[in-house]
Amino acid sequence: MMLRFLSILLLCGSLASQGGFPHPMGPPNVKAEYLGKAHVSPQERRAILSLVFAGNAPSTCVSSERTLAQEIDSIRIARASLAPGERDLLVQASDNCNCGGTGNCAFWILRERPGGFDTLLAADMVQTFSVEPSSSNGYKNVMTSAHGSASYSDLALYQFDGKRYRKTHCAGEEYTQREDGSFSDKPTITPTECGAE
């Protein structure tokens, strides 16, 4: 019991030192680009496509406004080094099989290995993501935002537990609508319970 209490204190201390979670969604801190414009190896491309279209025939995931090639080119990726000496890929789908009606899509973190890739995170319903300056177990924390409405988003902080990323803290980010119809410049952020992953 005492060990668990000390672990919670250490975690809270590390979050406080970064400015604490929750906080507004910041910049991605990585360069996100479309797969069609990114320079990826054939191995990386195969890993990304097998992940995005797992269990689905790619043609069934294409929206009516795009061709399959355009759908594949619209997958968003970002390269990062989430731990010293590592090469990681952050991948966000854009297709009908992995996205909801409000623009939230499936999101993955892949760690490159000599023989392929390990999936460190598989999350649903992510609109934007950011690599945080803080770390857990040697890996940078990752924050995501899911669009709920014009004024509300769900925020989640993912931390590495030694094997994979887990959602550890959640919050709601809401902009207040003024009488003239505009929204406040700064959101109100309220901690919430994290749902099941």
Side-chain angles (χ1 to χ4, degrees), residues 7 10-11 14-15 17-18 21 25-62 66-99 104-146 156-169 194 196-197:
S7 297
L10 286 172
L11 177 61
S14 69
L15 289 174
S17 68
Q18 77 176 41
F21 181 89
M25 190 72 185
N29 297 326
V30 289
K31 180 184 175 187
E33 54 189 335
Y34 292 110
L35 184 59
K37 296 187 185 271
H39 296 287
V40 296
S41 70
Q43 180 188 18
E44 289 171 327
R45 186 177 177 87
R46 280 193 303 274
I48 292 166
L49 295 182
S50 67
L51 189 69
V52 170
F53 297 115
N56 296 299
S59 60
T60 64
C61 299
V62 178
R66 292 179 177 163
T67 66
L68 178 58
Q70 290 170 327
E71 199 70 75
I72 290 170
D73 287 348
S74 297
I75 296 168
R76 291 178 65 216
I77 67 161
R79 294 183 189 280
S81 181
L82 298 175
E86 278 199 2
R87 289 171 42 101
D88 304 294
L89 280 173
L90 290 79
V91 179
Q92 188 173 31
S94 67
D95 58 274
N96 281 348
C97 293
N98 289 292
C99 298
N104 300 314
C105 299
F107 172 72
W108 301 269
I109 296 176
L110 301 178
R111 175 174 57 197
E112 188 172 347
R113 293 286 195 198
F117 295 86
D118 294 332
T119 303
L120 300 183
L121 173 66
D124 290 329
M125 302 300 105
V126 171
Q127 185 180 50
T128 58
F129 58 87
S130 173
V131 175
E132 297 281 281
S134 58
S135 299
S136 301
N137 294 304
Y139 281 72
K140 295 285 189 185
N141 296 331
V142 175
M143 186 171 161
T144 64
S145 174
L157 183 72
Y158 289 88
Q159 295 179 293
F160 192 71
D161 69 0
K163 293 184 179 178
R164 60 185 293 261
Y165 277 91
R166 297 199 181 272
K167 189 189 309 182
T168 57
H169 295 78
C194 292
E197 290 186 59

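Bear in mind the structure is a predicted one, so any value in this text is a computation, not a measurement.
- We find the SG-CE distance between Cys99 and Met125 to be 6.5 Å, quoted to the nearest 0.5 Å.
- In this structure, Asp161 CG and Thr168 OG1 are separated by 10.0 Å, a value rounded to the nearest 0.5 Å.
- In this structure, Asn104 contributes its side chain and Ala146 its backbone to no donor-acceptor pair below 3.5 Å.
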Quiz item: Checking side chain to side chain contact (heavy atoms under 4.5 Å, CB included) for the pair Ile72/Arg45: CA distance, chi angles, key distance, verdict?
Solution: CA-CA 10 Å; Ile72 290 170; Arg45 186 177 177 87; 3.5 Å; yes
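- The closest donor-acceptor contact from the side chain of Asp88 to the backbone of Leu82 lies under 3.5 Å.
- Summarising the geometry of Gln92 relative to Thr128, their closest heavy-atom pair is NE2-N, 4.5 Å, with the distance given to 0.1 Å.
- Without hydrogens or angle criteria, Thr119 side chain to Leu121 main chain gives no donor-acceptor distance under 3.5 Å.
- Checked against the 6.0 Å centroid threshold, Phe160 and Tyr139 count as a close aromatic pair.
- When all heavy atoms are compared, the tightest approach of Ala38 to Ile77 is CB-CD1, 3.6 Å.
- Rounded to the nearest 0.5 angstrom, Lys37 NZ and Asp73 CG are separated by 9.0 Å.
- A side-chain donor-acceptor contact under 3.5 Å links Ser130 to the backbone of Pro27.
- Arg111 CZ to Leu120 CG: the interatomic distance, rounded to the nearest 0.5 Å, is 4.5 Å.
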Exercise. Decide yes or no on side chain to side chain contact (heavy atoms under 4.5 Å, CB included) for Leu90 and Val131, but give the supporting numbers first.
Key: CA-CA 10 Å; Leu90 290 79; Val131 175; 4.1 Å; yes
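- No donor-acceptor distance shorter than 3.5 angstrom exists from the side chain of Lys140 to the backbone of Ala83, with no hydrogens or angles considered.
- Interatomic distance, CG of Asn96 versus CD of Glu71, reported as 6.5 Å (0.5 Å rounding).
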Practice problem: Test side chain to side chain contact (heavy atoms under 4.5 Å, CB included) on Val91 and Leu35 and set out the steps. | Solution: CA-CA 9 Å; Val91 179; Leu35 184 59; over 6 Å; no
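- For the pair Ala32 and Ala78, the tightest heavy-atom approach, listed with the atom from each and the gap, is CA-CB, 4.0 Å.
- When all heavy atoms are compared, the tightest approach of Thr67 to Gln70 is N-OE1, 2.8 Å.
- We find the CH2-CD1 distance between Trp108 and Ile75 to be 8.0 Å, quoted to the nearest 0.5 Å.
- Nearest approach of Tyr34 to Arg76, heavy atoms of both residues: CE2-CG, 3.8 Å.
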Self-check item: Stepwise side chain to side chain contact (heavy atoms under 4.5 Å, CB included) test for Phe129 and Val30
Solution: CA-CA 9 Å; Phe129 58 87; Val30 289; 4.1 Å; yes
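- Scanning all heavy atoms of the two residues, the minimum distance from Ser94 to Cys105 falls at CA-SG, 4.2 Å.
- Side-chain atoms of Asn141 do not come within 3.5 Å of backbone N or O of Glu132 as any donor-acceptor pair.
- Just one of Glu33, Glu44, His39 meets the side chain to side chain donor-acceptor pair (under 3.5 Å) condition when paired with Arg79; it is Glu44.
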